[in-house]
Amino acid sequence: MISGGGSNLQVLIDSCMGPDSAAEIVVVISNREDAYGLKRAEQAGIAAKAIDHTGFPDRHSFEQQILTTLQEHSVEIVCLAGFMRILTPEFVEKWRDRMLNIHPSLLPAYKGLHTHQRALDDGVPEHGCTVHLVRPELDDGPLLVQAKVPVEPGDDAESLAARVLVQEHRIYPIALQLLAEGRVTESGAHADVDGMPGPLQVGSAESASVL
Ligand code: GRF
């Protein structure tokens, strides 16, 4: 599910076309008709559907249409990839442990918007991105995969965001593959991979043995 450009969607499309992928993308849903990600789906021969939230009287009926579409395509896992609508707890609970989100920060730090600027304002030495299982609170849920990005002298929000995005593109396919392979279990604030406490830090020595 997307709302925008869909660069994360694109890496999921590409990785799912690989011979070892445990996942297949069967439908892409956008709440905005003009989202470029819908074109990416079409170009890849994947069903693409715009479900414009402004055309529904309330959140429930909007989500009902999404659910119907997911069911029509026998979806088993939902990936939120730059999907910019808040989902109701009812919707989220239906997909408990079967819905992933990517967020541009080292969660639980910097939930919400403007993560890069907030990290710069705080002067933190490192920033990064996280894929997590989705829970009803915003950007909340067991942390599955992370990648750290050092903050460089002279970074602004744009330069930092660009380097974080490169890492987003690295970790989302890994997280989806792990979930699709059935290797992920919830363990409180973290998700375990093969029974080992997460989040998996991509790029660390430990991650080499898991991947
Ligand atoms: C990414 O930074 C993602 O972490 C955030 O929204 C952005 C989406 O980018 N949730 P894209 O549409 O995948 O290019």
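Just follow the structure's listing: the first ligand is 1, and inside any ligand the first atom is 1. Please read these numbers as outputs of a predicted model, since none were measured by experiment.
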(request) Find all atoms of ligand 1 within a distance of less than 4.0 Å from any non-hydrogen atom belonging to Glu168, and give their numbers and elements. (result) 1 (C), 2 (O), 3 (C), 4 (O)

(message) Would you say the rings of His132 and His103 are close, in the sense that their centroids are separated by under 6.0 Å?
(response) no

(message) What protein heavy atom lies closest to atom 10 (N) of ligand 1? Include the residue and the distance to one decimal.
(response) Ile102 O, 3.3 Å

(request) Please determine if Asp194 and Arg183 form a salt bridge, counting it only when a charged side-chain N lies under 4.0 Å from a carboxylate O. (result) yes

(message) Are any of the N/O atoms on Leu9, whether in the backbone or the side chain, positioned under 3.5 angstrom from an N/O atom of ligand 1?
(response) no

I'd like a table of donor-acceptor pairs (distance under 3.5 Å, sequence neighbours excluded) in which one partner is a side-chain atom from residues 6-17, with atom names and distances.
| residue | atom | partner | partner atom | Å |
| --- | --- | --- | --- | --- |
| Ser7 | OG | His169 | NE2 | 2.8 |
| Asn8 | ND2 | Glu168 | OE1 | 3.0 |
| Gln10 | OE1 | Arg40 | NH1 | 3.2 |
| Gln10 | NE2 | Asp14 | OD1 | 3.1 |
| Ser15 | OG | Val11 | O | 3.1 |
| Ser15 | OG | Leu12 | O | 3.2 |

(request) Would you mind running through ligand 1 and noting each atom that sits below 4.0 Å from a heavy atom of Gly5? (result) 12 (O)

(request) Just need the protein heavy atom nearest to atom 9 (O) of ligand 1, so name the residue and atom and give the distance. (result) Asn8 ND2, 3.9 Å

(request) Describe, in one word, how the ring planes of His53 and Phe62 are oriented to each other, choosing from parallel (under 30°), tilted (30 to 60°) and perpendicular (over 60°). (result) perpendicular

(message) Counting only heavy atoms, tell me which of Gly4, Cys129, Ser7 gets closest to atom 14 (O) of ligand 1.
(response) Ser7

(request) Identify the protein heavy atom lying closest to atom 8 (C) of ligand 1, giving its residue, its atom name and the separation to 0.1 Å. (result) Gly82 CA, 3.7 Å

(request) Spell out, as yes or no, whether a donor-acceptor pair under 3.5 Å connects the side chain of Arg98 to the backbone of Val75. (result) no

(request) Tell me which protein heavy atom sits closest to atom 12 (O) of ligand 1, plus the residue, atom name and distance to 0.1 Å. (result) Gly6 N, 2.8 Å

(message) Please enumerate all residues that pass side chain to side chain donor-acceptor pair (under 3.5 Å) together with Gln167, with sequence neighbours excluded.
(response) Arg170

